[in-house]
Asks: 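I am attaching a structure below and will ask some questions about it afterwards.
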Amino acid sequence: MDGSITPSSELLLIWCYYIVAEETSFAAESSFTRAPLNTRLVGRQAGLSPAHAPKGKGKEKEVEQASLKGVPLEVQEALVLEDLLYVLMGIPGTYITVHPSYDPEVSGDGVQYAPNPSLDPSLRDLVQRILPLATYYTAICAFIENRSALECGLVNHALCASIREMLNKDYLTLLAQLEHQFNTVPTFSLQKLWFYVHPTLHTLSLIWSLTDELTKADSLGDENEDESDEEVDEIDAIDEELGLALGKKGKLKALDVLDDAGIIKGGEVVAVLWERVTNMSGDPSAHELYLTLFRQASAPYAEMLQRWITTGQLKDPHQEFMVRESKDITRQILDRDHTDDYWERRYVLRDGTTVKGSDRQVGVPRPRTEGGRLPGGACIPPLLDAWKKKILLAGKYLNVIRECGIDIQQPTPKSDSDGDGKGKKRTTGEKDEEPQSKDEETKSKEKTKEEDETKSKEKNREDDEPKSKQRSERNEVFPLDDERFYQAIEDAYSFANRTLLRLLVKDQDLVPRLRSLKYYFFLSHSAYIGGFFETARAEFIKQTKYASLSKLQSLFELALASSSGPHDESFRADVKLKLDMRWSLWDYLADVLSVEGMNGDDAGLNAAGRDGNQTGDERKSGKSKSSKEKDVMNMNVIDGLTLDYTVKFPLSLVISRKNINYYQCLFRFLLNLKYAEQALTDMWSEHKCAPWSVSAPHPELDRWRLRVIMLRTKMLWFVQHVLAFVTGDVLEPRWRGLEKKLEKAAKDVERGTVDQLLEDHLDFLNSCMSACMLTIPKFVKHYSHLLHTCVRYAAYTSKCTRSLEQGAIAIANGDTDLTTSPMERRWEMFMKFEINFNHTLKAFIDLVHYNAMSDVTLLPLVHRLSGGRPTF
């Protein structure tokens, strides 16, 4: 250390002088000689010495390496040390070169190096221990270069930045220090180099294992994507041959399923990092390293998540986040949406999980491996898996609020008030001991005013400091492994849910709206429907193609205006009559129930059957579409009459077109029952008058008269008991239950949830449809048959009256033989009605008894139809 040159250093200088002497270009650049690494680099670029020329890539002819045979061990160590400083930065050396088996096309595996075969075995063993560090470094650099592309996403960019910072801060700084040691310390040896780089070798091996896993996951995704594309291309070719406009691949691309499916990014990268953090909990250094990478790489993901749950804005240009947006679904489709696409499918989780958890969404990419994790944003980090539904709902709720034009302001913690009485002003009752002159009083007032202004500014400054602090705390993004992050999710969800629930229940008058729906659609006070029947009787029997909807609407409004039932007139303008020109209730239900298995659980009342396709019964019976259209053209107004209800956003989320379809089906069912009851009641009114009220002059004719009255009584008994069951045992109790839930939600918006409100409303409608037996095809068929028989029988009463009058006149004229053809025709026509009705009624009652064994909601109907049955 006294500045003397050791023998080994002298040999090294002689050897270096011999090499540099051949390269005359260094003579003019003396500055390079003071930096040996730069000298080596420039010398290699000049290509003046074949021994120092860089190795070619690929399968080019390699230059023969210089031999170290006969070179002293100290010189060999010095030469290898210099080469190692190059190799550790990814630059091949003179005596440590690229391994012949290395393929430069596979840059992700890192460059493999091999020492000179003529190197001393003791030195070669130590060099081979150090060389993996160079392989790790080159592989990591290649990973950083590849993952810095734009399409790799923000999480990959953050991960690369974090790794690059570690390399610059630790690894490259270490190499600079080692180079300084090599140039200045004569005792610097290969053993010391190994001592210094050994801890870094462990660190880079951990980083390399992470980058290697991510790179291999990419290759797995590419293989699966290639196989998937081959299968999809075959299907698309078939679709094109069949003339289909959009194949399977086009549909998947529309859902962002096939876009960059092979690149591991977003939530998948975060999941891999967190898995390593948890698995390395026994290794403190590895755990700390991966935890640092996890926090820095997940920062963009956490920012996207916080922006989503606090503002409802989804900024995810590379499909990295767990929530996917369908931009083609907007609030404008709510007026024609029969499947609740806006609420259920505009924002969904990429892994296919739904809020109810009962089914999965379409468009979910396949896992990278069988049973493995989903790719990209569809992979939800394990930390967030339990919170994913709240994360989805918080953003959805805020989106609804934002589309209503309401400014979203997240709540901030309340600051403690001073309350210490500082800065109190003097009261007006206090007086000065001595009187002051006007000048003194003016100066005093000015001084007091200046003091007040100073205190006010200081107070405002003190007030602004906590506000700015609260604002910064609110905008602060916590790491994903911080408990405060999940508290922020809980707070954001609670705020969004509370705000939207208050908006729906209190600001938008949800409960009065639903009460108006009950009044109009469930005929809770049927005074108006009776008046409507009286005034529109002549219109009901017309065919739909001859009906005037404007006339019916005027008669309906007149009936509403003249009714005395308790209802809110503020929503009357939202109720309109609608005439379905294509479907009667029974045909619509039969068609929907026939395709329910194909369209899922919610196919009950969507628009699946409204495309003019044949129903299931028609397909089985071979009934043609033209005959179906012919039947529709002959449909009466009463069969196609229904109500429509207009509601604006955001109430259209609760009272959606899908839910209005439920209300319409229940209304049409009640309307058919009421119409049949009204027709049979009119028939009863006619039977109270002559010639029905008096006995016929002939026993056979009188027996026929009594049988007609008895069948009418039996039909009226059936219709009234079913109507009482539907209104009193089904609709009213369930409505009271829903109303209690709504009132509870209105009183305590802190505990209720918007999705629970939507679910309660939908469950109410589903249970009403199910309890009314409108979801069972056999019941729908029996209802249709029985009610049509009742209506047609009531329409037959005028013919019966004329026939009875003609028979009485014939007897009065002395014709006592009633076995002729007129009497036979009376009995023949009547027996058709009686046999038909009795047979269907018996089948209906047997079906009710059978289903009541598994469904207790039918027990009241069993009791009604069993007790008090008219016997004749």
Side-chain angles (χ1 to χ4, degrees), residues 106-110 136-169 171 203-225 256-277 280 289-308 314-324 350-351 365 367-369 372-384 477 479-481:
V106 188
S107 59
D109 293 337
Y136 295 154
Y137 176 73
T138 54
I140 293 170
C141 288
F143 174 83
I144 293 174
E145 183 178 358
N146 293 333
R147 295 301 169 124
S148 298
L150 181 64
E151 63 272 10
C152 292
L154 300 177
V155 174
N156 275 323
H157 294 170
L159 176 63
C160 292
S162 179
I163 295 175
R164 189 184 296 110
E165 182 183 359
M166 288 184 177
L167 292 179
N168 294 336
K169 183 178 179 181
Y171 183 74
T203 301
L204 261 66
S205 68
L206 294 173
I207 300 176
W208 173 82
S209 65
L210 171 65
T211 59
D212 185 61
E213 180 182 353
L214 297 177
T215 304
K216 289 180 178 178
D218 277 350
S219 61
L220 289 176
D222 291 338
E223 293 175 3
N224 291 342
E225 187 178 4
D256 292 334
V257 176
L258 295 181
D259 293 343
D260 296 335
I263 299 177
I264 180 170
K265 58 184 178 181
E268 192 177 6
V269 176
V270 177
V272 171
L273 286 168
W274 181 250
E275 183 180 356
R276 287 183 169 266
V277 170
M280 293 295 178
L289 172 69
Y290 286 134
L291 185 60
T292 302
L293 291 176
F294 168 78
R295 288 177 174 174
Q296 296 183 5
S298 62
Y301 194 90
E303 289 178 4
M304 283 187 283
L305 194 153
Q306 187 181 37
R307 185 185 300 112
W308 167 252
L314 184 60
K315 293 184 179 179
D316 184 19
H318 307 292
Q319 290 82 44
E320 299 177 272
F321 192 51
M322 67 175 73
V323 179
R324 184 183 74 230
R350 291 185 183 272
D351 68 344
R368 293 191 179 274
T369 58
R373 63 175 179 265
L374 295 172
C379 179
I380 299 178
L383 301 87
L384 301 172
V477 180
L480 290 184
D481 60 325

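Nothing fancy with the numbering, it's 1 onward along the sequence. Both backbone and side-chain heavy atoms feed into the values below; hydrogens, waters and symmetry mates do not.
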Asks: Is atom CD of Glu145 surrounded by more than 12 heavy atoms (other residues, nucleotides or ligands) closer than 6.0 Å?
Replies: no
Asks: Rounded to the nearest 0.5 Å, how far apart are CZ of Arg147 and NZ of Lys265?
Replies: 10.5 Å
Asks: Suppose we screen for salt bridge (Lys or Arg N to Asp or Glu O under 4.0 Å). Which residues come up paired with Glu275, at least two apart in sequence or across chains?
Replies: none
Asks: Can you tell me how far apart CZ (Arg324) and CG (Asp351) are? Round to the nearest 0.5 Å.
Replies: 10.0 Å
Asks: With side chain to side chain contact (heavy atoms under 4.5 Å, CB included) as the test, would you mind laying out the steps for Arg350 and Asp316 before giving the verdict?
Replies: CA-CA 12 Å; Arg350 291 185 183 272; Asp316 184 19; 3.4 Å; yes
Asks: Measure the CD-NZ distance between Glu303 and Lys315 for me, rounded to the nearest 0.5 Å.
Replies: 11.5 Å
Asks: For the atom pair CD1 (Ile207) and CZ (Phe143), what is the distance rounded to the nearest 0.5 Å?
Replies: 10.5 Å
Asks: Looking at Pro381 and Gly267, what are the two nearest heavy atoms and their distance?
Replies: CG-O, 3.9 Å
Asks: Could you walk me through whether Asn146 and Thr215 satisfy the side chain to side chain contact (heavy atoms under 4.5 Å, CB included) test, starting with their C-alpha distance in whole Å, then the side-chain angles of each, then the deciding distance to 0.1 Å, before giving a yes or no?
Replies: CA-CA 10 Å; Asn146 293 333; Thr215 304; over 6 Å; no
Asks: Of all heavy-atom pairs between Ile264 and Val269, which one has the smallest distance, and what is that distance?
Replies: O-CG2, 3.7 Å
Asks: For Arg295, check salt bridge (Lys or Arg N to Asp or Glu O under 4.0 Å) against everything at least two apart and list the hits.
Replies: Asp481
Asks: Checking ring-ring contact (aromatic ring centres under 6.0 Å, His included) against Trp208, which of Tyr137, Tyr171, Tyr136 comes through?
Replies: Tyr136
Asks: So Trp274 and Phe294, would you call those rings parallel, tilted or perpendicular, with 30° and 60° as cut-offs?
Replies: tilted
Asks: Rounded to the nearest 0.5 Å, what separates atom OG in Ser298 from atom CG in Leu154?
Replies: 12.5 Å
Asks: Look up atom CG in Leu383 and atom CG in Leu480, then write down how far apart they are to the nearest 0.5 Å.
Replies: 6.5 Å
Asks: Closest heavy-atom contact between Ser162 and Gln296?
Replies: OG-OE1, 2.5 Å
Asks: What heavy-atom pair brings Leu293 and Met166 nearest, and what distance separates the two atoms?
Replies: CD2-CE, 3.7 Å
Asks: Which heavy atom of Asn156 sits nearest to which heavy atom of Glu320, and what is that distance?
Replies: N-OE2, 4.5 Å
Asks: Could you report the tightest heavy-atom contact between Leu384 and Leu305, atom names first, then the distance?
Replies: CD1-CD1, 3.7 Å
Asks: So, the side chain of His157 versus the backbone of Ala149: is there a donor-acceptor pair under 3.5 Å, distance only?
Replies: yes
